Amino acid sequence: MSKQPQTLAQRLARAELLELEVYQSARRIGGRGDIWINANESPFNNSELANINRYPECQPPALISAYSLYSGVSVDSIITGRGADEAIELLIRTFCNPGKDSIACFGPTYGMYAISAKTFNVAVKALNLTPKYKLPSDIVSQTQGAKIVFICNPNNPTGTVIDKADIEEVIKQLPDTIVVVDEAYIEFCPEYSVAPLIEKYDNLVVLRTLSKAFALAGARCGFLMANPQICDMVMRVIAPYPVPLPVSQMATAALSEDGISLMREQVSSLKACGDRLSDALQNIGAKVQPANGNFVLAEFDSSKVSEQLQTAGIVARAYKDPRLANCIRFSFSDQADTDALINVLTQ
Ligand SMILES: *Cc1c(COP(=O)(O)O)cnc(C)c1O
């Protein structure tokens with residue numbers, strides 16, 4: 001007897017997930033009535049926060065629909081969890097067999113793709129971006145055998161971007177690979193988002209977060225966006241209650257109309273401060289990458305600058321990666337911090 005035709009997500013997922021009986025939390029089973037004694041919760045609410053004595057929804061509907069409205073992606077294509085970092089880990093756990101499969105990423109880039117994979121005994125093809133920080137033209141042969149390909153856009157820590165058309169080309173060239181586009185900084189260059197392509201390609205996953213432009217790093221809230229078949233597979237692996245109630249309330253408020261306007265104002269003020277910083281860096285002879293996120297990567301001739309920063313109590317990020325020798329990444333900050341930093345740099 002021939003098997004039912006499978007979706008791409010089903011073909012690529014770890015086989016045991018197809019058979020897995022998904023954990024039925026009391027909350028998922030649900031019910032009707034006035035007396036709720038099905039989840040071993042406390043009946044007492046000792047807090048100001050309504051319902052904090054109850055388990056939260058696995059995927060809080062208000063939060064999902066707020067993100068759908070904001071992103072233009074439909075509700076059945078969005079999963080929320082503890083930051084984009086959790087989404088990276090969920091994707092690896094959903095699609096990669098430990099000791100057998102691999103992921104690919106293009107460095108220098110965000111470190112968690114490789115670390116998450118290694119913690120799960122999944123191999124890492126640590127490939128290189130081109131000298132101009134673009135994707136290599138022979139991406140198909142270089143990523144051969146990888147289950148998941150991670151593309152960070154804008155890229156952390158370089159701040160550089162890859163054209164949408166180039167990313168779409170990769171999605172088309174790798175129809176049997178999950179292509180994950182990490183858009184943690186997309187609010188700083190929204191025109192580069194590939195989120196509208198989710199409906200078109202069954203192998204595309206887009207990651208988002210509220211940690212950067214939305215100023216909620218401490219809340220831990222991020223989003224995975226993909227076609228419903230991929231979402232269905234990831235939902236088999238996710239924890240029963242990945243989003244604490246206070247977090248979903250804060251996140252939903254941040255995604256209200258007012259919250260989004262505030263974010264946009266802050267993004268433009270951060271970009272203005274970033275422009276001032278980039279100019280100052282260039283004036284002291286640094287080689288500066290075009291900054292498409294909320295940070296700029298600067299390359300200096302000497303370690304003098306690091307010393308100056310240290311003395312002034314300014315904590316920026318340096319790297320061990322030999323490709324980033326002499327580089328420092330500066331996050332954009334407010335007017336006062338920017339003034340202070342420029343002062344130190346121009347001394
Ligand atoms: C900061 C960052 C993340 C992590 O986001 P969280 O939502 O805070 O987990 C993911 N990807 C990139 C590229 C980042 O810079």
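Numbering of ligands and ligand atoms starts at 1, following listing order. Computed from a predicted model, the values in this text were never measured in an experiment.
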(request) Do me a favour and list the nearest non-hydrogen protein atom to atom 11 (N) of ligand 1 with residue, atom name and distance? (result) Asp182 OD2, 2.6 Å
(request) Specify the protein heavy atom at minimum distance from atom 15 (O) of ligand 1: its residue, its atom name, and the distance to 0.1 Å. (result) Tyr185 OH, 2.6 Å
(request) Please confirm whether Asp85 comes within less than 3.5 Å of ligand 1 when only nitrogen or oxygen atoms on both sides are compared. (result) yes
(message) Which residues pass the ring-ring contact (aromatic ring centres under 6.0 Å, His included) test with Phe188, not counting sequence neighbours?
(response) none
(message) Checking the N or O distance criterion of under 3.5 Å, is ligand 1 in contact with Asn156?
(response) yes
(request) Report, in ascending order of atom number, the atoms of ligand 1 lying under 4.0 Å from any heavy atom of Gly83. (result) 6 (P), 7 (O), 9 (O)
(request) Check whether any side-chain heavy atom of Leu127 sits under 4.5 Å from a side-chain heavy atom of Pro136, and report yes or no. (result) no
(message) Does Arg329 qualify as a cation-pi partner of Phe295, given the criterion of NZ or CZ under 6.0 Å from the six-membered ring centre and within 45 degrees of its axis?
(response) yes
(message) Suppose I only count heavy atoms of Arg220 and a 4.0 Å limit; which atoms of ligand 1 are within that range?
(response) 6 (P), 8 (O), 9 (O)
(request) Report the relative orientation of the aromatic rings in Tyr241 and Tyr55; use parallel for angles under 30°, tilted for 30 to 60°, perpendicular for over 60°. (result) parallel
(message) Please list all pairs meeting side-chain hydrogen bond (donor to acceptor under 3.5 Å, both in side chains) that have one or both residues in residues 143-155, counting only residues at least two apart or in different chains.
(response) Asp101-Lys147, Thr109-Asn155, Asn155-Thr158
(request) Over 60° means perpendicular and under 30° means parallel, so classify the ring planes of Phe300 and Phe330, tilted if in between. (result) perpendicular
(message) Give me the atom names and distance for the closest heavy-atom approach of Ala254 to Phe214.
(response) O-CE2, 3.5 Å
(request) Would you check whether Cys152 reaches within less than 4.0 Å of ligand 1, judged by its heavy atoms? (result) yes
(message) To check you understand the geometry: which heavy-atom pair defines the closest contact between Gln289 and Val296, and what is its length?
(response) O-CG2, 3.8 Å
(request) May I ask whether Lys212 has any heavy atom positioned less than 4.0 angstrom from an atom of ligand 1? (result) yes
(request) Around atom 6 (P) of ligand 1, find the nearest protein heavy atom and jot down its residue, atom name and distance. (result) Ala84 N, 3.4 Å
(message) When you measure from the heavy atoms of Gly222 to every atom of ligand 1, does any distance fall below 4.0 Å?
(response) no
(request) Would you mind running through ligand 1 and noting each atom that sits below 4.0 Å from a heavy atom of Ser211? (result) 6 (P), 7 (O), 8 (O)
